[in-house]
Amino acid sequence: MAGDGVGPELMGHVKQVFRYAGVPVDFEEIRLDREHNDSEAFRQALLAVKRNGTALKGSVETGIDSPTGSLNAQLRTELDLFASVIKVQSIPGVQTRHDNIDVVIIRENTEGEYSNLEHENVPGVVESLKIITAAKSTRIARYAFNYAVEHGRKKVTAVHKANIMKLGDGLFLECCRKVSEEFPQIEFESMIIDNCSMQMVSRPQQFDVMVLPNLYGNIVGNIAAGLTGGQGVVPGMNIGENYAIFESGTRNSGRSIAGKDIANPAAMLLASADLLEHIGLKSHSELIRDAVIKVIVEDKIHTPDLGGQATTVQVVQAVIGHVREKTKQWYSHVH
Amino acid sequence: MATRVLKSLLAPSVRTLCRRYSSQDARTVTLIPGDGIGPEISAAVQQIFSAAQVPISWEAVDVTPVKGPDGKFRIPPKAIESMNKNKLGLKGPLATPIGKGHPSLNLALRKEFSLYANVRPCKSVEGYETVYKDVDLVTIRENTEGEYSGIEHIIVDGVVQSIKLITEQASRRVAEFAFEYAKLNGRDMVTAVHKANIMRMSDGLFLKCCRAAAEKHKDIKFNEMYLDTVCLNMVQDPSQFDVLVMPNLYGDILSDLCAGLIGGLGVTPSGNIGENGAAIFESVHGTAPDIAGQDKANPTALLLSAVMMLRHMGLTEHARKIEKACFETIREGNVRTADLGGSSKCSEYTQEICRKVEAMD
């Protein structure tokens with residue numbers, strides 16, 4: 001699902017890289033964007049993901065006056081992709097103010113402030129409902145702790161504002177606490193969101209795995225992405241029980257740079273690598289991921305967002321270059 | 001008659017002093033020392049103000065809530081009377097328990113005095129450097145509604161609903177204030193921060209009010225940005241931001257984020273502006289119970305907030321002197337408190353600033 005903005009061009013690049021890497025994957029292309037956003041288009045998109053199980057996605061722009069609301073959010077809710085996972089790591093060679101960042105942000109993806117339940121009781125007075133449930137909070141907490149165990153991580157930090165939203169965030173926090181008791185080997189701590197934001201910009205190295213409700217996850221995820229190089233280099237994934245959608249970590253459509261060949265393809269390529277790993281194509285996943293990282297770290301071919309002057313195509317060509325080198329080695333082994 | 005004769009006999013400089021003093025009689029300001037380190041940092045500010053001969057007299061009040069006849073916790077009436085009379089307050093940190101007990105006192109104060117805008121100027125502190133060197137922005141946060149309306153219900157067991165309330169009235173009020181503040185303080189641009197792609201009605205309404213205010217103040221530039229984009233950009237290049245206006249929750253988070261950019265809550269001032277000229281200036285850090293009473297606290301945040309108050313009152317010369325003394329002390333680096341990387345006591349830091357202020361006269 002290419003979506004809007006830079007989505008279409010980036011999808012094109014992903015397909016090209018996949019071709020050169022010999023990835024045994026066929027793409028079913030779905031049009032869901034600013035111009036194709038009616039209920040039929042949405043239904044088709046939903047069916048397609050259900051049919052195939054995984055998707056790679058660009059961002060669908062939501063007009064402020066749009067009658068349907070964010071289609072991106074609706075997709076996530078309908079498919080019950082309850083966990084948004086964003087992995088941020090300091091990248092050598094990418095100039096940032098902080099080093100040694102290695103954080104995994106696990107964000108509840110289907111409720112909270114994104115419940116899309118608003119009403120105007122009286123003209124000029126609007127209520128927006130934030131829903132927190134024990135079931136979803138427990139589910140995301142358990143996902144976070146399991147993730148920590150599976151990936152050898154040591155600490156989970158739950159982020160909340162339970163001093164103000166005593167019932168809502170209080171419930172979220174309590175669920176996290178209860179789950180943490182099932183994982184005594186993992187350190188558990190909690191932090192209030194405003195303090196967390198402050199800590200992120202002064203000492204981000206203190207964080208390991210973080211689990212958060214929807215909106216705070218959005219905020220912290222973007223802060224973390226900004227600290228490690230920005231929207232061009234951070235991939236994101238939305239995981240559910242049965243389906244998964246991979247996209248850029250900050251979910252920007254990149255409208256202002258669409259078609260200018262300056263978008264950084266790294267985030268989308270890394271997301272596609274994550275997708276391959278998810279469906280079991282581990283060596284292809286590593287092949288692409290290694291190639292992208294080599295281009296950024298060793299070749300230092302940087303697009304403007306990283307302070308360089310390369311074009312998107314130049315980066316993609318370089319990635320393909322590394323991919324072809326590696327695949328040649330594979331095939332030369334065979335013969 | 002006798003006074004007139006007396007005044008004409010006095011030297012001109014003394015006459016001026018008399019005239020100024022009588023037209024600017026000591027203004028009474030309500031002082032809320034707060035909990036934890038609150039009392040000691042308030043004392044420090046009072047000490048510095050007296051060294052600078054600021055024409056202010058302090059009326060200290062306690063805001064620990066008392067149970068009313070209906071069983072609800074309220075701010076003691078004496079504190080309310082004091083603020084209503086003086087219109088100006090300086091406040092130290094107050095403790096708020098998590099998850100239970102009485103509702104947040106800070107919130108109650110804001111509601112009681114209609115403090116609708118929280119203003120936090122964040123400027124890189126010369127001499128106390130962080131990895132962000134060129135921060136100079138102001139966050140203006142709607143302070144009375146939004147996600148902090150305090151309205152929550154347990155719908156059924158395990159399902160909680162928290163209500164975020166956005167009204168046209170409050171949004172318009174804070175938007176207007178943001179543009180006026182920008183104009184009064186020589187700022188170029190106001191950015192409205194929102195998430196109207198997700199919360200279309202509520203943030204949409206807020207945005208509409210900001211746009212309307214922008215129309216009325218065409219001399220100030222205006223733009224809109226999603227909250228997540230602001231966060232993403234803020235940590236990469238904070239110099240692109242000037243004045244930011246936003247609803248309550250985003251403001252809470254963003255203003256703390258910006259405080260983090262310049263060195264934390266220990267050096268960040270804050271002011272709450274209300275209707276009818278009322279204003280409470282406060283330090284926004286916590287009560288730091290672990291160091292309370294040990295003469296280790298850093299009074300800078302409260303001091304800078306008090307300086308903000310002086311400017312608000314028109315006592316710009318006093319404000320300038322005290323601020324200068326404070327920044328010089330930090331820049332020189334010999335007498336800093338532990339949180340700023342030094343090893344001095346609160347009293348030593350305070351005395352150094354007093355010394356500098358007195359030397360300026």
Side-chain angles (χ1 to χ4, degrees), chain A residues 61-66 69-70 73 96-98 113-114 116 118-120 123-135 161-171 173-174 192-195 197-202 215-216 218-223 225-227 230-231 250-252, chain B residues 96-100 103-104 107 130-132 147-148 150-155 157-169 195-205 207 227-236 249-250 252-261 263-265 286:
Chain A
E61 274 163 34
T62 313
I64 289 168
D65 308 308
S66 108
S70 167
T96 53
R97 290 182 177 85
H98 308 268
E113 301 80 350
Y114 288 53
N116 203 17
E118 298 186 294
H119 43 266
E120 190 166 12
V125 177
V126 175
E127 277 190 339
S128 179
L129 304 182
K130 162 177 165 168
I131 309 287
I132 298 281
T133 60
K161 188 100 188 144
N163 52 336
I164 299 293
M165 280 175 263
K166 294 172 195 285
L167 294 182
D169 284 0
L171 177 59
L173 188 57
E174 191 47 43
I192 297 182
I193 174 68
D194 26 351
N195 184 26
S197 309
M198 243 191 321
Q199 296 293 326
M200 288 288 292
V201 297
S202 40
L215 181 69
Y216 310 151
N218 182 212
I219 292 169
V220 173
N222 273 269
I223 294 175
L227 293 176
Q231 64 221 58
T250 53
R251 299 177 179 161
N252 302 90
Chain B
T96 305
I98 293 185
K100 55 183 185 293
S104 163
L107 277 185
T130 62
V131 291
Y132 295 93
E147 301 81 349
Y148 293 17
I151 311 171
E152 294 188 291
H153 332 278
I154 299 179
I155 306 187
D157 207 15
V159 180
V160 175
Q161 173 181 300
S162 304
I163 296 189
K164 162 176 164 165
L165 190 66
I166 298 280
T167 62
E168 184 165 353
Q169 188 196 17
K195 262 205 98 55
N197 52 339
I198 300 292
M199 282 170 267
R200 284 171 310 131
M201 267 193 209
S202 44
D203 282 2
L205 176 57
L207 203 55
L227 172 65
D228 35 6
T229 312
V230 172
C231 289
L232 183 66
N233 292 347
M234 180 71 76
V235 300
Q236 295 181 292
L249 177 69
Y250 312 156
D252 191 7
I253 298 172
L254 261 184
S255 56
D256 275 9
L257 178 64
C258 295
L261 300 177
L265 299 181

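In what follows, every heavy atom counts, from backbone to side chain, and hydrogens, waters and symmetry copies are set aside. Below, chain A is the first sequence line, B the second, and so on; all start at residue 1.
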If you measure from the Lys or Arg side-chain nitrogens to the Asp or Glu carboxylate oxygens, is any gap between R251(A) and D228(B) under 4.0 Å?
no
Using side-chain contact (heavy atoms from CB on, under 4.5 Å), reason through M165(A) and E147(B) one step at a time and then give a plain yes or no.
CA-CA 8 Å; M165(A) 280 175 263; E147(B) 301 81 349; 4.1 Å; yes
If I compare all heavy atoms of [X] with all of [Y], which pair ends up nearest, and what's the gap?
{"X": "L227(A)", "Y": "V235(B)", "result": "N-CG2, 3.7 Å"}
{"X": "M198(A)", "Y": "G264(B)", "result": "SD-CA, 4.1 Å"}
{"X": "L232(B)", "Y": "A225(A)", "result": "CD1-CB, 3.9 Å"}

Quick one: pull up [atom1] in [X] and [atom2] in [Y] and give me the separation to the nearest 0.5 Å.
{"X": "Q236(B)", "Y": "R97(A)", "atom1": "CD", "atom2": "CZ", "value": "8.5 Å"}
{"X": "I164(A)", "Y": "S162(B)", "atom1": "CD1", "atom2": "OG", "value": "11.5 Å"}
{"X": "L227(B)", "Y": "N218(A)", "atom1": "CG", "atom2": "CG", "value": "6.5 Å"}

T130(B) and V201(A), any side-chain heavy atoms less than 4.5 Å apart
no
Are any of the side-chain heavy atoms of L249(B) and L215(A) separated by less than 4.5 Å?
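Yes, at least one pair of side-chain atoms sits under 4.5 Å.
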Are there over 12 heavy-atom neighbours, none belonging to Q169(B), within less than 6.0 Å of that residue's CD?
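12 or below, so no.
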Check this for me: I151(B), atom CD1, are more than 12 non-hydrogen atoms of other residues, nucleotides or ligands nearer than 6.0 Å?
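Yes.
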Is it the backbone or the side chain of [X] that comes under 4.5 Å from a heavy atom of chain B, or both, or neither?
{"X": "N195(A)", "result": "backbone"}
{"X": "L167(A)", "result": "both"}
{"X": "H98(A)", "result": "side chain"}
{"X": "Q231(A)", "result": "both"}
{"X": "E113(A)", "result": "both"}

Applying side-chain contact (heavy atoms from CB on, under 4.5 Å), run through S70(A) and I198(B) and close with a yes or a no.
CA-CA 6 Å; S70(A) 167; I198(B) 300 292; 3.9 Å; yes
Under the 3.5 angstrom rule, does the side chain of [X] hit a backbone N or O of [Y] as a donor-acceptor pair?
{"X": "Q161(B)", "Y": "L129(A)", "result": "no"}
{"X": "E118(A)", "Y": "S202(B)", "result": "yes"}
{"X": "E168(B)", "Y": "P123(A)", "result": "no"}

Give the intermediate values and the outcome of side-chain contact (heavy atoms from CB on, under 4.5 Å) for residues K161(A) and D252(B).
CA-CA 11 Å; K161(A) 188 100 188 144; D252(B) 191 7; 2.8 Å; yes
Assess whether side-chain contact (heavy atoms from CB on, under 4.5 Å) is satisfied between R200(B) and N116(A), documenting all intermediate values.
CA-CA 8 Å; R200(B) 284 171 310 131; N116(A) 203 17; 4.0 Å; yes
